[in-house]
Amino acid sequence: MIRFENVSVTYRGGVKALRNLDLTIEDGEFVVVVGLSGAGKSTLLRVLNGLVPATEGSILVDGTEVVGASARTLREVRSHIGMIFQTFNLVERTTVVNNVLMGRLSTVTAWRSTFGLWPASARAAAMEALERVGIVDKAYVRASNLSGGQQQRVGIARALAQNPTLMLADEPVAALDPVTSRQVMGDLQRINQELGITTLINLHYLDLAQEYGRRLVGLNGGELVYDGQIEDATPETFSSIYGREISSTDVLVDHDQS
Amino acid sequence: MAVSQPTPVETRPGRPLGPRIWRWVIAVVILVAAAWSVTGLNVSVDRLLNASGDAWNVIKRMWPPAFSIEIKRGVIGKVLQSIYIAWVGTVIGAILSLPLSFLAAGNVSPRLIRLPIRQVFNAIRSVPELIVAVILIAVTGLGPWAGALAIGLHSIGTLGKLSSEAIENIDAGPIEAVDAAGGRWISAMRWAVLPQVLPVVVSYWLFRFEINVRASAVLGLIGAGGIGSELVSQLNFRNFPEVGAVLFVTIVAVITIDLLSSALRRAIIQGGAGPDQSRSGEALEDLTGMSLA
Amino acid sequence: MTAPSSPPTTWPTKPRPRVSILIGAILAIAFTVYSARQVDMRFSTFADVWTNPLWEKFWPIPWEWVFDRRNVINPLIETFQIAIISTVIGCSIALPVSFAMSRLTTPNSVTYYSSRVVMNIVRAIPDLFWAKLLVTAVGVGAFAGSWALSIFSLAVMVKLFSEDIDGADPRPLEAAKAAGGRHIPSVATGVFPTVFPAYVSYSLYVFELNIRASLVLGLVGAGGVGRVIEAQRQFFRFGRILGILVIIFVVVVVLEQVSVAVRKRLV
């Protein structure tokens, strides 16, 4: 279970990215976070695993306090949290399996991983993760030779290799075309259902949010402005989250076809 | 529309005066500096006029080069020794500069560690190899090992600077991914940074080797062994045909190594995104240790 | 994991490293070991070097000797003079030669190939080899040093600049030729203006290279501050050498700052 209590984030230079946020997420939930760019979506995910430090408040991840935690505690917490990035964040010059093995770094001593002496269990976990996203045959291919959708699957496999209890996805499909976007969202949904991994996804496209989300969280200017079931959200809900009328750029399908 | 009349001469824009004045100022400054410099050479007109004749005379006397004598004197072994010195120096520089360059890179190393290491790089680069060798030869004794150490030390400075700049230019995404997965700093360097920079860094090593071959040849002039020592001993006795042979061997060795190394560098960089710059830019950076941008 | 995973036999096996890379690595290691033996590599040096009694001669630095004009400052001025005159001569001659050496602007293939061959040979001879040769040919002193650095900076400059001319836009040259221009005027109006900024910036670099090179010319008798180092090392006056080193260090650092500032203004 994840609990945010009165969490605020102020960046150097005074920009307030999150304001007094309270939020509780139960195990196994599939939560979609929407909001304009700059609304604090990305900060919400990064404050959860300590990539961005919270300036005040408390964040409990499965009972461990993240705010003000030591580097050691943070590494421990992060080892159970998989993260997927908008830009994939792969090392393109190396093989797919080496990228996925990066998800096992927290389980291997520093000197073993530095010399590439991965235990067989780590290699097996990496292969299983690749199998789950359907690209195990690409394991020894250079990541740069993969298509965008395949690269994001490597990113998902890297997160899965951690055996996470929580999955954070920061705009996972923003760099992908509509068809691939749906496949990747389908992968994430399937993983949530099959493995019961709590999943938090930032999305810009409303139709994707409605299609795949179950619970919807809306942010505006760093404040929580909506929290409810996706079925209850109306077009008015979205325009109030966005603070403006919904336009064709806010949905994935239409603006590609028009 | 009617064909326009030529504008009256007095209303046409004149040539702008500012840039022209600057051009003249700079030209005069360069001329004055050159004239002042010539006075420092302490050279009589007589000597100036004879100089090109003297130089030509020396060149003429190098022909034909005395290859057979030089081969008997072991010139091949000596040029190889210069190459060994350069190689050992490059390896020393490469091995020591690699870890240091991570600690000197702004994006992966804290200020407190980064700044002193950068100062060390700059300090090393500021002292010419030859002077380092003068001191090393005094304390370690004459010989190739002193030369290799001098070259190695200097290479730490230049390679360290270039490699840390290569690290600063990487994509930071993979580092974030390692952090997010609970990896340590050393793991992020090994798995997120090293694969991105290694081809570029290795090509810098090879380029440094090309430079070091010239440097080690020069070190022989002050007693570090190799082809430079042979040149000095033959020049001191004014055995010009032998000098011609030594020069010929040097030229062949330097050009061969340049060609091999640059072919290898191209093959290494081809695999991915290398630094997008011309070869001459790269050469400049290495020679001066400063980027063109 | 709830979903059944297929047996590991469907997983691809790790490919063997490429033979060429393997052989290359073995060769590199073997060559390193062999070279290390050839240069009499001794790790004991790192232990012995600290106890060498010679270190005591490095301290104290006799500053009053160092700052006496005749000892270091005048040779240092000579160093600058060598660098200036060599840069002016080398870069001036390099201007026409570079145009002859570029595929785009060369008047004919004979000029192209002959200039390339000559310049590549000149560049393959290290700068201090030139200095040593010219000291033998025209006598000890700054005159030989200026000759040597002029030749060497010519060779470096043409290499850098001719590559820039190669990369210049060929269309203005075509236009000038199409308008009936002769070769040299066409190059002067069609290509020269676009590559002139590169020429200026390379000249500054060459000047910097020449200063660095001229600091050590004296070690082979070609003038400048290096000859003081050479003279003092004969008598093991290492304190004085260290003093000179400090001055050289300051000169190089200041030079670098100045050249960074100048280049910023140019760009």
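The chains referred to below are lettered A, B, ... by the order of the sequence lines, with proteins before strands, and numbering in each begins at 1.
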When rounded to the nearest 0.5 angstrom, what is the spacing between [atom1] in [X] and [atom2] in [Y]?
X: I222(B); Y: K132(C); atom1: CD1; atom2: NZ; result: 11.5 Å
X: I84(C); Y: S37(B); atom1: CD1; atom2: OG; result: 4.0 Å
X: L130(B); Y: E230(C); atom1: CG; atom2: CD; result: 9.0 Å

[X], part contacting chain C, at a heavy-atom distance under 4.5 Å:
X: L235(B); answer: both
X: I59(B); answer: neither
X: N57(B); answer: neither
X: A123(B); answer: both
X: W87(B); answer: side chain
X: T90(B); answer: neither
X: L221(B); answer: side chain
X: V213(B); answer: neither
X: V218(B); answer: both
X: L247(B); answer: side chain
X: L31(B); answer: neither

Measure [X] against the heavy atoms of chain B and call it side chain, backbone, both or neither at under 4.5 Å.
X: V88(C); answer: side chain
X: L242(C); answer: neither
X: V39(C); answer: both
X: S146(C); answer: side chain
X: F31(C); answer: both
X: F238(C); answer: side chain
X: R37(C); answer: neither
X: L128(C); answer: both

Please check if atom OH in Y199(C) has more than 12 non-hydrogen atoms from other residues, nucleotides or ligands closer than 6.0 Å. yes
So which heavy atom on [X] is nearest to which on [Y], and how close?
X: Y84(B); Y: S35(C); value: CD2-OG, 3.3 Å
X: P126(C); Y: T250(B); value: CD-CG2, 4.3 Å
X: Q38(C); Y: Q81(B); value: O-NE2, 3.9 Å
X: R214(B); Y: A124(C); value: NH2-CA, 4.2 Å
X: S126(B); Y: I248(C); value: O-CG2, 4.5 Å
X: R233(C); Y: V134(B); value: CD-CG1, 3.5 Å

Under a 4.5 Å heavy-atom cutoff, which of [options] has the most pairs with chain C?
options: A148(B), A217(B), A146(B); result: A217(B)
options: V91(B), I131(B), I255(B), N236(B); result: I131(B)
options: A253(B), S52(B), A35(B), G147(B); result: S52(B)

Polar side-chain atom of Q81(C) near backbone of W36(B) as donor-acceptor pair, under 3.5 Å: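 Indeed, once roles are kept as given, a pair shorter than 3.5 Å links the two residues.
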Largest heavy-atom contact set with chain B, pairs under 4.5 Å, which of [options]:
options: I241(C), T87(C), I89(C), L245(C); value: L245(C)
options: T136(C), V252(C), V251(C); value: T136(C)
options: D127(C), N74(C), V138(C); value: V138(C)

Would you please test L133(C) and V243(B) for side chain to side chain contact (heavy atoms under 4.5 Å, CB included) and show each step? CA-CA 9 Å; L133(C) 282 169; V243(B) 169; 3.8 Å; yes
